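Shown next, in structure tokens, is the structure this report addresses.
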Number of protein chains: 2
Amino acid sequence: MRTVTIADVARHAGVAVSTVSYVLSGKRAISATTRQRVLDSVRVLGYHPNAGARALASKRANVIALVLPLRAGMNLPVLMQFATSVVATARQYDHDVLLMTADEGPDGLRRVAASAMVDGLLLMDVEVHDARVSLLRKLAEPSVLIGFPADAEGLTCVDLDFQRAGALCAEHLAERGHREMALLGAPEVVYERGTGFAERTRAGFLAEATRRDLSARAVPCEETYDEVASAVKLLLDAHPGLTGLVVHNEAAVGHVLGALRALGRSVPDDVSVVAICPDDIAERARLTSVLIPAEELGREAVRLLMAKLDGLPAGSLLLEPRLTIRESTR
Amino acid sequence: MRTVTIADVARHAGVAVSTVSYVLSGKRAISATTRQRVLDSVRVLGYHPNAGARALASKRANVIALVLPLRAGMNLPVLMQFATSVVATARQYDHDVLLMTADEGPDGLRRVAASAMVDGLLLMDVEVHDARVSLLRKLAEPSVLIGFPADAEGLTCVDLDFQRAGALCAEHLAERGHREMALLGAPEVVYERGTGFAERTRAGFLAEATRRDLSARAVPCEETYDEVASAVKLLLDAHPGLTGLVVHNEAAVGHVLGALRALGRSVPDDVSVVAICPDDIAERARLTSVLIPAEELGREAVRLLMAKLDGLPAGSLLLEPRLTIRESTR
DNA sequence: GTCAGATGTCGAAGCGCTTCGAAAACGTTT
DNA sequence: AAACGTTTTCGAAGCGCTTCGACATCTGAC
């Protein structure tokens with residue numbers, strides 16, 4: 001069973017190869033009758049264009065690269081939601097997705113770009129000082145970053161506005177009358193790595209609290225039950241009047257609740273808890289939360305990349321955080 | 001800056017295009033001096049072969065498709081470990097990975113196969129009755145499945161030997177003198193969906209317990225704290241002598257421990273707990289566990305696929321489970 | 001010194017598609 | 001009926017690579 005080529009379709013439909021091509025691409029007008037005949041032949045023969053040949057002739061692979069930070073300690077559910085959304089959206093634009101891991105580094109990007117395997121690149125979890133960023137500037141292929149590097153000039157970046165998110169949490173707690181609050185953040189290493197979103201959340205939270213003249217502090221937070229429990233205990237011992245807690249660490253949020261329960265503090269009666277985390281986690285635990293809109297992020301990133309592929313200019317995008325009130329704050 | 005082609009390299013090195021090609025592919029002997037000259041030119045010019053052209057001429061895209069079940073409720077960490085491992089291993093064989101989601105269904109597989117985008121397919125989380133399986137049999141492209149469908153005849157499948165895993169847990173508990181035990185499994189829907197690994201674990205566990213003349217039962221297990229807690233309570237109330245617990249549900253295992261704590265049962269003094277879950281979770285909670293060897297699974301799957309790409313026969317593979325004793329059993 | 005077989009290199013023919021320029025077919029207008 | 005635009009279709013030239021057969025050159029055996 002030889003594979004069906006465009007020549008087979010042309011022969012079957014009684015037209016020239018180029019006519020078939022134009023029917024399929026729509027780049028030139030073809031009469032309705034011919035078009036229909038060609039389309040029928042395509043269907044009958046089960047024709048699928050050869051991707052390599054198409055890429056070679058048109059200089060468009062119809063593939064984008066998705067570079068994921070597949071190292072440990074990432075927020076997996078968010079990553080998956082994001083990846084799913086990228087794949088689905090790319091398909092809507094008739095593109096496929098080549099999966100790469102960050103540990104191929106700049107060389108990997110150079111390779112796929114130079115080999116014309118992909119038309120554009122999507123990098124997730126870009127760090128503040130990222131070795132790949134300067135390369136992306138030089139590459140002919142357009143790219144979109146998830147997250148903001150230190151110098152985003154000339155790049156297209158998409159992210160949740162974490163600063164606003166942090167502020168929003170402080171605001172929510174303040175409006176409910178809480179005067180003393182704390183942010184439990186990512187593990188220490190995440191801050192050390194210079195991960196932008198963690199820092200910006202903290203900054204936004206503290207700034208808003210300060211602006212409102214509230215007592216607030218931010219502490220890193222590891223992810224085992226024991227460490228979380230001791231961090232929570234320390235915090236409550238040191239600040240007996242503390243009644244508002246923001247948790248920006250989806251792996252730890254369950255443990256925080258457990259620790260509060262163990263310490264005899266009820267949520268939300270004694271302590272209000274706001275989480276910044278994916279929706280499913282918050283939903284499951286009925287937590288008031290700012291969700292991480294992974295799906296929207298993926299969709300928008302692809303949209304921007306497709307715009308750039310079409311030669312349109314595309315600026316950066318900060319998604320507005322949305323707070324969903326559930327049962328953990330009062 | 002026009003992109004560098006093989007003709008540029010040939011000109012620069014003063015040889016024929018075909019010679020460059022043979023140097024790069026190693027398919028014909030080339031003298032050491034010529035070879036070196038060509039390699040130097042490649043380096044100097046920064047040449048990367050055009051993937052489309054290569055695919056077109058050689059009928060090999062050097063890309064494999066990875067089809068992930070990116071729906072909710074999956075075990076994300078395992079999935080990610082697996083994906084990482086697949087990408088890394090594929091790169092070792094000089095292949096890239098095209099990411100697809102299961103919800104493109106059979107049509108998606110047909111499309112990428114027919115368009116010669118990929119040379120082979122890797123499907124994760126194959127279900128017992130999977131619509132895609134019959135298609136895979138017809139496809140010219142070789143494929144490897146993670147998980148076993150009902151009829152694996154003629155297919156190459158890789159999986160952890162879950163039946164052995166279930167048995168191993170029963171065996172471990174039995175050897176420690178536990179006479180009454182239970183398996184907390186996946187949520188009900190997972191069984192209803194006919195997910196093979198869940199069923200096989202249960203079967204292996206129950207069979208081994210029966211063989212040893214122990215009292216054992218298996219119950220499904222949802223993933224919210226409240227549901228887990230009530231399931232655990234029910235179980236312990238109904239079987240006061242129950243001292244051995246196997247948990248095959250990574251999302252629930254934390255809750256199980258919490259529930260036991262809440263019921264005043266200490267682990268491992270009152271109840272021994274064996275988990276079947278990814279290593280990181282077990283490690284974090286210091287649980288005796290059978291780990292899900294996601295990385296090995298990915299590596300072996302790629303290895304088998306590559307063998308098939310080279311025309312070698314490749315049978316199915318069941319990975320032997322390994323039990324790691326930590327602090328939750330006695 | 002000649003010849004058979006290695007060994008190393010070259011040229012050219014595609015692979016299946018897109019795209020450009022031009023030809024063919026068709027109405028309209030004179 | 002000729003001349004002119006339009007619309008529709010065709011043919012051919014690549015895109016950058018692999019691969020096959022053929023040619024050159026070099027061995028060693030006789």
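Letters A, B, ... are given to chains in the order of the sequence lines, protein chains preceding strands, and every chain is numbered from 1. Scope of the values below: all heavy atoms of this structure, side chains included, with no hydrogens, waters or symmetry mates. Source: prediction; values computed, not measured.
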Separation of [X] atom [atom1] from [N] atom [atom2], in whole Å?
| X | N | atom1 | atom2 | result |
| --- | --- | --- | --- | --- |
| B/K27 | D/dC17 | NZ | C1' | 11 Å |
| B/D8 | D/dC17 | CG | P | 9 Å |
| A/N50 | D/dG16 | CG | C1' | 14 Å |

Query raised in the report: Which part of the nucleic acid does B/V17 contact within heavy-atom distance under 4.0 Å: base, sugar-phosphate only, or nothing?
Result: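 It contacts base atoms.
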Query raised in the report: What nucleic acid atoms does B/S18 come within less than 4.0 Å of, heavy atoms only: base, sugar-phosphate, or nothing?
Result: base
Is the shortest side-chain N/O distance from [X] to OP1 or OP2 of [N] below 4.0 Å?
| X | N | answer |
| --- | --- | --- |
| B/R54 | D/dT18 | yes |
| B/K59 | D/dT18 | no |
| B/T34 | C/dG8 | no |
| B/Y47 | D/dC17 | yes |
| B/T19 | C/dC10 | yes |
| B/S58 | C/dC15 | no |

**Report entry** B/E153 atom CD: more than 12 heavy-atom contacts under 6.0 Å
**Finding:**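 Open: at most 12 neighbouring heavy atoms sit under 6.0 Å from CD of B/E153.
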**Report entry** Which residue lies more 5' along DNA chain C, comparing B/A57 with B/A16 via nearest heavy atoms
**Finding:**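 It is B/A16, whose closest nucleotide lies nearer the 5' terminus.
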Query raised in the report: Between B/R37 and B/L56, which has a closest nucleotide on DNA chain C that is more 5'?
Result: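 Final value for this comparison: B/R37.
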Query raised in the report: Within the distance-only criterion (no hydrogens, no angle test), does the side chain of B/D8 pair as donor or acceptor with the backbone N or O of B/T5 below 3.5 angstrom?
Result: yes
